[in-house]
Every structure is written in C-alpha cells, then in structure tokens.
Number of protein chains: 2
Amino acid sequence: MRELSIGEVAREAGVPASTLRYYEKAGLLPAPPRRSGQRCYSEAVFGRINLIRLALEAGFTIGETRVFLSGFSEQTPPAARWRTLAARKLEEVNALMDRAQRMKSLLETSFRCRCLRLEDCEKFLRTAKRRQGASC
Amino acid sequence: MRELSIGEVAREAGVPASTLRYYEKAGLLPAPPRRSGQRCYSEAVFGRINLIRLALEAGFTIGETRVFLSGFSEQTPPAARWRTLAARKLEEVNALMDRAQRMKSLLETSFRCRCLRLEDCEKFLRTAKRRQGASC
DNA sequence: CTACGAGTTAAAGTGCACTTCAAGTCAAGC
DNA sequence: GCTTGACTTGAAGTGCACTTTAACTCGTAG
C-alpha cells in the first residue's frame, strides 16, 4: 500500500498539513507510524479525513466527532454513549436542515418579490417560521 | 404600540441582553430611542431579531447578515450587492443542506447496520459522498 | 436619604477550530 | 561539508460570536 508524507496527504485531501497535525493531537486522526521522525500515512487516512470533514461540516464539534469516530472503530457493538450522541445529533441535523430550508425559502422569495419595507418580509418570516409556502 | 426595555425584549425573544447590545453595535439592530439613557424598543424589534437569528443559524456571518438586512430596508429596488450576496448564499445554503443530508444518512445508516470495522463505513461514506442511498 | 434592581459603557475574556511562528531535525543534491 | 526543502515540536496568535467585568447612572420603594 502506498505510503504518504503529510504534505502529500494534505495536497490530495485538500486539507492543510497543520490541520492534520491538529486533528491528530485532538484525537480525530490516529498517530501514524514515523519514518525517521516523519509521519508515514497509508491511503486509508483519506476515508478517515472524509468522515471527519463530513462530521465537522454537519455541525459536530471536535469532541463530538471524536466520539462519533470512536463508535465506528470499536469492535464491540455501538457503545451506548455513541448511540446517544448519534440520536441527539440526528435531531440537531434535522433542526439544521429545517433552518437551512427556511433560509432557502426566504432567499428564494426575496428574489421573486420586491418588498419595499422590512415589515412585509417579517410577516413572511413569521409565516415561514412554522410552515413554509407563504407569499410575500 | 407597546414599549419594551432591553430586559423584556431579551426575555421574550430568548436572547441575552448582552447579545442585543452586541447586535446593535455590529449594525444588525437599529439603535432604538432612549428614555433617560435606556433603550426603548417597539414590538417591531422581534421581527428583526427573528430575521437575524434565522440568518445566523443558516450560516451567515455577522457582516453578511448586515448586508442581507440592509437589502430589506432600502427603499430602492434590491441593491446589486445584496442580490449578489443572496445568490452566493443560496448556493452555500444548498451546500449546507447537502452536507446535512449526507450526515443524516450516515447517522441513520449507522443505526441500522453494525459495521464492525471503520473501513466498511468509509466505503459507505464514499458512496454517500456523491449519491446517497448506499447500503452498508 | 438610602438602597435596590435594571439599565449604561468600554474593555477584557471565552471557546472553538484552526493557523502561524520559532527553533530544530533529517535526507538528498551539489 | 553545506545548502535546501520538507518535515518536527510546543506555544502563541487569529477570527468569529458572543459573554463577562468594572465602574457608572437611573427611577422607584421604603
């Protein structure tokens, strides 16, 4: 299997080397073996990096992402702690999608309509807050 | 129209008073008239606060939110700058929803399946990254 | 008159996710 | 042997969105 320096991993993954070191110190990336002091990665690291980026971009903190990842690497069935986190995060992700959807509606509507006063769009907002589909 | 102190607004809107002052200094909330030095809000402030929270929760920065709000309050047709921002942000919101959807799929799948090794789920991830619906 | 709670300000502090810096190590090329 | 470039470390710095602090002013109740 191909062996990669931190610079190569950084280039291919599109993540700064400093970030990879940071993830390692934070416990998100396992410390790879060293060749004369330098990190020597296998290609498997890319999958791990993708998981980390996905989790962080979905709103996980570093600490939560660590638990999330540990849930995958344990040999035992998913730890209760991980399942709890996953369930809670699923709700958060749902809430995030809700907000994003509302913002999206608001942006799209504001392209179509020509509210001259903020108040009008606040009315839209109040409607959009609970159910979407109001006209402005 | 009802006049409200910063404390009342804070309580009813569920936002700390310090945050309202911060929004004012940042140019997100218009400075309300003062009664013997103290801020005297009208109920209209709640709509504005809702807009701000929605924008921030959808990933707008403070600066972007300021432009976004100014687009609504101008008497002229939407400023070009605002339309540009809105278009760009619409794309970002779409990307955010994409990532959230992938994270959601990943979380839901990891509830259903029992990956014993991280690698298996990385395979899922790679599939999920482009199109969703892979089985683990 | 005094005490109190709620408000005011500028300025400093916080937590997160990185990023940059300073000083040093290492292998390869000239 | 010396230089170069990529790497190493711990520590300090950055940007954002607040939050806390310190010292102060008000209006009202007792």
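Letters A, B, ... mirror the listed sequences (proteins, then strands); counts begin at 1.
Within the 4.0 angstrom heavy-atom criterion, only backbone atoms of the sugar-phosphate kind lie near A:Arg53; the bases stay farther away. Among the protein residues, B:Ser18 comes within range of the nucleic acid bases, having at least one heavy atom under 4.0 Å from a base atom. A:Arg21 comes within 4.0 angstrom of a base, heavy atoms only.
Taking atom CG of B:Leu56 as the reference point, atom P of D:dC18 lies 6 Å away to the nearest angstrom. Remark: C1' of D:dC16 and CZ of B:Arg66 are 13 Å apart, rounded to the nearest angstrom. In this entry the distance linking OH of A:Tyr22 with P of D:dT14 reads 17 Å, nearest Å. Atoms CD1 (A:Ile6) and C1' (C:dT19) sit 14 Å apart, rounded to a whole Å. Here C:dT19 presents its P atom at 10 Å from CG of A:Leu20, a figure rounded to the nearest Å. To the nearest angstrom, P of C:dG7 lies 8 Å from CD of B:Glu8. The distance between atom NZ of B:Lys25 and atom P of C:dT8, rounded to the nearest whole Å, is 12 Å.
Two residues, A:Gln38 and A:Thr19, neighbour DNA chain C, and the one matched to the more 5' nucleotide by heavy-atom proximity is A:Thr19. In terms of position on DNA chain D, the residue among B:Phe60 and B:Ser36 whose nearest nucleotide sits closer to the 5' end is B:Phe60.
For A:Arg34, the CZ atom is densely surrounded, since the number of other residues' heavy atoms within 6.0 Å is greater than 12.
Salt bridge B:Glu8/B:Arg11: absent, no basic N to carboxylate O contact under 4.0 Å. Comment: A:Glu91 does not engage A:Arg88 in a salt bridge, judged by the lack of any side-chain N to carboxylate O separation of less than 4.0 angstrom.
Panel note: side chain B:Arg66, backbone B:Ala26; a donor-acceptor pair is recorded below 3.5 Å. Checking side-chain atoms of B:Arg35 against main-chain N and O of B:Ser5 turns up no donor-acceptor pair under 3.5 Å.
A sub-4.0 Å separation between OP1 or OP2 of D:dC7 and a side-chain N or O of A:Ser5 is present. Between A:Arg35 and D:dT8, a side-chain N or O to OP1/OP2 separation shorter than 4.0 Å is absent. Side-chain N/O atoms of B:Tyr23 include one lying less than 4.0 angstrom from OP1 or OP2 on D:dC18. In this model, the phosphate group of C:dT9 is approached by a side-chain N or O of B:Arg39 to a distance below 4.0 Å at OP1 or OP2. Taking 4.0 angstrom as the limit, B:Arg34 places a side-chain polar atom (N or O) nearer than this to OP1 or OP2 of C:dT9.
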